[in-house]
Amino acid sequence: MKVTTGSAEDWPAVGVAVSLQLEGSTISSARVVVSAATEKAIRLATAEQALAGAAADDKTLACAGDAAADTVECISDVRGSADYKRELVRVFVRRALRQALDGNSSGH
Amino acid sequence: METMPGHQVGRSLPRIEGREKVTGRAEYTHTMRLPGMLHAKIFRSTVAHGRIRSIDVCAAKKMPGVYRVVTSEDVRKVISEPYYGPAFHDQPILAIDKVHYVGEPVAVVLASDPHLAEAAAALIVAEYEELPAVFDEVEAADNKILVHDELRPAGTFADLKHLKGRRGTNVALDFKLRRGDVDKAFAAAAHVFEHTFRTQKVLHVTLEPFASIADWKESRLTIYSASQGPSFVRTEIARLLRWPENRVRVKVPYLGGGFGGKLYIKLEALATALSMIARRPVKVAVTMEEQFYTITRHPSTFRIKSAVDKTGRITARKCEVYWNGGAYADVGPRVTQKSGFTASGPYDIDNVWIDSYALYTNLPPAGALRGFGVPQLVWAYERHTDMIAHELKLDPLEFRRKNILREGRLHATGTIAKDVKLEAALERVAERLSWGKPLERGSEPIRRGRGIAIAIKAVISPTTSVANINIAADGSTILYCGTVDMGQGSDTAMAQIVGEVLDIPAERVKVVARDTDVTPYDMGTLGSRSLFHMGHAVRLAAEEARAKIKALARDVGEPEGSNIPIPELFQKKYGMQAGNIVATGTYKPDYTPPDPATGMTPNVTPFWMCAAVGAEVEVDTETGKVRVTRLVNVIDCGRPLNPKIVETQISGGATMQLGFTMFEKMHIDAGQVTNASLADYKIPAILDLPPVMVNEAVAAEQSNGPFGAKGVGESATFCVSPAIGNAIEDACGVRLSELPVDPEAILRALRGQAEMPPGDAR
């Protein structure tokens, strides 16, 4: 998921990629990667841990977003301050997870 | 749209040059070559303000293939007073003794290959004694750090003469307007509101960057240039060379965009000096990056204060506007005055006080950009209007209706608002937004809102246009017209006017490209003036040609009302296919200069432009991101001579201003532009456009315009920013006062500082 704070064609302020494995309605494992807001693309272990073994519901996704925001180290630039990008990470990790789940449930 | 009797005006004729352009055959200066031509590459200042200690060009000179390296010392040997500019003669061809901004041209490498010249320019080393610099327009007004020692106004404008020799100031021009008794009105006011608004530095981003070629010979000079004003270039170069104008020829092919950036004089003086030094044709063509160091739009700070009575009528307004002109004045003093006098907005206010200041700072120069300062003013006064309406719990539409400048009333300048379809435009926008019905407000995290804005602008006056027409013995017609077609479709519109008068299809009229040896004088393609001024000149020339055709018919014994084909008239007169009909038209509107004491005049402009915009937005309250979902642009351009071109001018202007509203910004660190490229400075692309965009002209007739028409190029830029700003406030209550719209600032405002502490400096 590409997140820009200016033009849609701008460099991303935050990039988020997620993958999930489900067993029934439980998340068996997850990968959460954040880029652009950070010095290099990184996996966010705390967010992944928040997801693994948890129910695939809104509460879990919000916890994963919060965990991502709590641990990610963002850099400030013209696209946003580090604090702002941390908020974007919180929101877009959650939204990316939701999109992944919805994609899964609708058979994509 | 109904057509006129000749069926040419009112027709959506496709661009007459369109086919040539889309098939890659149209000529542009940037891709032009002359035999024996050298390429110039500019070495630029890396400091914002400093004395030049030394310029070491040895390594550059030694590079194989380099023809010559040039500094201001060499320039002064061929042009003794090498300072140029439209309002002030303040800009040196190459820096002399001092540099005044990062990016200022300091030296030039000439080589037969442009890439080699660039490599050599990178070997030049300059040392500077750095001086304190000033970047902010309000700080510059303190005059603690001076950009220039002395003001150097040009003789061109009578109202700038009093500034000559003034020292110890960064204020290049202070314009004042005083109407009524502002202090008394404020004392008696039921409510007083005061706000400050700011706009950022942005760029024209013409897709064809600046380019000029000079070919100097002992007795004559030919300049090929991407210029919006060939006549001015000729006058200014002739002044620099102390030559009569007839020895200077300026040719302008099509332009890959202008937007006000290519006005007056830019690279032409440098190209001329280089050709004189090298005695060969020299081309100066800059890169996209270098455009950021050539000319930009004025950042501004606008303090606005209004008095409102119990009934919601605005009784007084005080405006204090600071224009950040950068290191050289360019046309900033005209922006300061000619836009400054509309700073109180399109409202009927009895007591108005305006102070408008042009400031020098150590930034790249600022000039005209599609609106001559008006979009910056409208951002302030229309956000102010909505903020007042919200405070007073009045509907923003009703509040505007109550205070709007109505037809026949005096504008703050003292000039009557005539042919101003402002109310019609506002009502049309309200209708297209279904203002009377409640808006669906969205569901969390999205909040929806809508906003409106209105604006007025006067055309720059007084200015002159001249056009010539030549009818050949076979009846075919050529129009000689100095208006520069830079993408706005002027050649097509002018051909339609000729066609209308002479009753011939417009596509049969040949429009001769701008060439000062051939096309007569025109003040410049600027400020939406061309269709009105040049349109009149072309109409007058065509009417004279028509009269001469009639006279020729009489001459050869044809009865009155004869419709004998024109070639037969020539045949009868000259006995063969021979001779010409040559006709000319000159137009200059009436104008009364403002009273120096009050800044007021009964005749400030031959026509008013006006516009209204409505916007609907969605604010994502979790991220602060704004999406414009609907943009309704309605303008008054009199009768649209070419409805399709009018529509594209509206959509183009609105889209350009959408970029300036939503994200475009030159980021500057200690005077250095840090995003000087299209990689980092983005203009709107297809994904940035609102899904619904309405582009309309209200039904109108400009009573003194050619076939009822007036200018259209700028009008759609005026109101976009405040309509969006007002919609954001309506959606989520966040009051923006600065551009561009910043999602981070919105999120911070939504949450308050406690929940998300201020971040480190950006």
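Just so you know, these numbers come straight off a predicted model, no measurement behind them. Note on naming: letters A, B, ... go to the chains in the order of the sequence lines (proteins, then strands), and numbering restarts at 1 for each one. Values below: all heavy atoms of this structure, side chains included; hydrogens, waters and symmetry mates excluded.
Of the residues considered (A:Arg95, A:Lys85, A:Arg90, A:Arg86), A:Arg95 shows the highest number of contacts with chain B, using heavy-atom pairs under 4.5 Å. The greatest number of non-hydrogen atom pairs below 4.5 Å with chain A, out of B:Asp620, B:Asn675, B:Ile683, is found for B:Asp620.
Using a 4.5 Å cut-off between non-hydrogen atoms, the part of residues 654-670 of chain B that approaches chain A consists of B:Phe663, B:His667. Within residues 624-632 of chain B, the residues having any heavy atom under 4.5 Å from a heavy atom of chain A are, by residue number, B:Lys625.
Residue contact with chain A, scored on non-hydrogen atoms closer than 4.5 Å, involves the side chain of B:Pro445 exclusively. Interface remark: B:Pro743 contributes backbone and side-chain atoms alike to the contact with chain A (heavy atom separation under 4.5 Å).
Within a 6.0 Å radius of CD in A:Glu39, other residues, nucleotides and ligands contribute 12 heavy atoms or fewer. Counted within 6.0 Å of CD on A:Glu23, heavy atoms from surrounding residues, nucleotides or ligands total 12 or fewer; the atom is thus considered open. More than 12 heavy atoms of other shown residues, nucleotides or ligands fall within 6.0 angstrom of atom CD in B:Gln672.
Shown here for B:Gly671 and B:Leu363, the closest heavy-atom pair between the two residues is CA-CD2, 4.2 Å.
Between B:Asp730 and the options B:Arg441, B:Arg450, B:Arg448, B:Arg735, a salt bridge (Lys or Arg N to Asp or Glu O under 4.0 Å) holds for only B:Arg441.
Taking CD1 of B:Ile446 as the reference point, atom CD of B:Glu440 lies at 11.0 Å (rounded to 0.5 Å). We find the CG-CZ distance between A:Leu61 and A:Arg94 to be 8.5 Å, quoted to the nearest 0.5 Å. Here the straight-line distance linking atom OG of B:Ser300 with atom NZ of B:Lys201 works out to 11.5 Å at 0.5 Å rounding.
There is a side-chain donor-acceptor pair under 3.5 Å between A:Ser7 and B:Asp688. For the residue pair B:Arg447 / B:Thr621, no side-chain donor-acceptor distance below 3.5 Å is found, with atom types taken as modelled.
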Quick one, A:Glu87 with B:Thr623, criterion side chain to side chain donor-acceptor pair (under 3.5 Å). Give me CA distance, side-chain angles, the key distance, then yes/no. CA-CA 7 Å; A:Glu87 288 307 301; B:Thr623 65; over 6 Å; no

